[in-house]
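Okay, structure first, notes after.
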Amino acid sequence: QVQLVESGGGLVQAGGSLRLSCAASGRTFSSYAMGWFRQAPGKEREFVAAISWSGGSTYYADSVRRRFTISIDNAKNTVYLQMNSLKPEDTAVYYCAASFRPLAGGSYYRGYEYHYWGQGTQVTVTS
């Protein structure tokens with residue numbers, strides 16, 4: 001079993017920054033990839049960013065590229081999402097996810113490829 005706990009969400013004005021954290025515990029030694037997804041009210045969950053457990057590969061949704069940065073600290077079993085230049089449309093519940101199967105290319109973008117999910121953290125961006 002793996003437990004994922006997100007933190008760092010909150011209320012911020014447009015143009016501001018937040019850093020989300022996702023602490024993983026359990027059988028993290030066999031994790032292959034970590035991802036961030038988000039879901040806004042009335043909308044489907046969407047991919048935000050993902051990273052291989054080694055940190056060597058990163059993937060971003062077009063809507064957040066060059067504004068968000070995903071990183072991983074293997075020693076702490078923690079994944080981060082640095083969010084800069086936030087916009088009101090970034091408002092959503094952000095979820096951390098872990099995959100225990102090797103992913104390639106487009107697989108990183110698909111939520112069903114991930115096996116474990118956190119409880120989510122709310123990010124609200126005001127205009």
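Quick note: numbers below take in every heavy atom, side chains included, and nothing from hydrogens, waters or symmetry partners. None of these values were measured; they are calculated from a predicted model. Quick note: residue numbers are just sequence positions, from 1.
Atom CD of E89 sits about 8.0 Å away from atom CZ of R38, to the nearest 0.5 Å. From T58, atom OG1 reaches atom CZ of R65 across 8.5 Å, with rounding to the nearest 0.5 Å. Rounded to the nearest 0.5 angstrom, T121 OG1 and L81 CG are separated by 11.0 Å. To the nearest 0.5 Å, atom OH of residue Y59 and atom OG of residue S52 are 7.0 Å apart. Separation of atoms OG1 (T69) and CG (N84) is listed at 6.5 Å; rounding is to 0.5 Å. Here K43 contributes atom NZ and T91 contributes atom OG1; the two are 10.0 Å apart, rounded to the nearest 0.5 Å.
Between W36 and S21 the shortest heavy-atom distance is CH2-O, 3.7 Å. In this structure, N74 and S54 approach most closely via the heavy-atom pair OD1-O, 4.4 Å. Closest heavy-atom contact between R45 and G111: NH2-CA, 3.8 Å. Considering all non-hydrogen atoms of both residues, L103 and A33 come closest at CD1-CB, 3.8 Å. Closest non-hydrogen pair, S17 versus Q82, comes out as CB-NE2, 4.0 Å. Of all the heavy atoms in M34 and C22, the pair that sits closest is CE-SG, 4.2 Å.
With sequence neighbours left out, the side chain to side chain contact (heavy atoms under 4.5 Å, CB included) criterion links A23 to T78. Applying the ring-ring contact (aromatic ring centres under 6.0 Å, His included) test to Y60 and every residue at least two apart in sequence or in another chain returns nothing. Among residues two or more places apart in sequence or in another chain, the ring-ring contact (aromatic ring centres under 6.0 Å, His included) test is passed with Y94 by none.
Taking the six-membered ring where the residue is Trp, the centroids of F100 and Y114 are separated by 6.0 Å or more.
Classification of the F47-F37 ring pair by plane angle, with boundaries at 30° and 60°, yields perpendicular.
I72 and L18 fall within a single hydrophobic cluster, where Ile, Leu, Val, Met, Phe, Trp and Tyr are joined by side-chain heavy atoms under 4.5 Å apart, directly or via other members. L86 and I70 fall within the same hydrophobic cluster, defined by Ile, Leu, Val, Met, Phe, Trp and Tyr side-chain heavy atoms under 4.5 Å apart, directly or through other members. Taking hydrophobic clusters as Ile, Leu, Val, Met, Phe, Trp and Tyr residues chained together by side-chain heavy-atom distances below 4.5 Å, Y95 does not share a cluster with V125. Linking ILVMFWY residues whenever their side-chain heavy atoms come closer than 4.5 Å, directly or via other members, leaves W117 and I51 in distinct clusters. Under a hydrophobic-cluster definition in which Ile, Leu, Val, Met, Phe, Trp and Tyr are linked whenever side-chain heavy atoms come within less than 4.5 Å, directly or via other members, V64 and Y108 are assigned to different clusters.
Between L20 and V123, some side-chain heavy-atom pair lies under the 4.5 Å cut-off.
Sorted by first and then second residue, the salt bridge (Lys or Arg N to Asp or Glu O under 4.0 Å) pairs with a member in residues 103-127 read R101-E113, R110-E113; sequence neighbours excluded. Every pair passing salt bridge (Lys or Arg N to Asp or Glu O under 4.0 Å) that includes a residue from residues 66-88 is listed here, sequence neighbours excluded: R67-D90.
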For residues 4-15, which side-chain N or O atoms pair as donor and acceptor with protein atoms under 3.5 Å away, sequence neighbours left out?
from : atom 1 : to   : atom 2 : distance (Å)
E6   : OE1    : Q119 : N      : 3.0
E6   : OE1    : Q119 : NE2    : 3.3
E6   : OE1    : G120 : N      : 2.9
E6   : OE2    : C96  : N      : 2.8
E6   : OE2    : G120 : N      : 3.2

Test side-chain hydrogen bond (donor to acceptor under 3.5 Å, both in side chains) on T124 and Q122 and set out the steps. CA-CA 6 Å; T124 302; Q122 177 70 47; 3.3 Å; yes
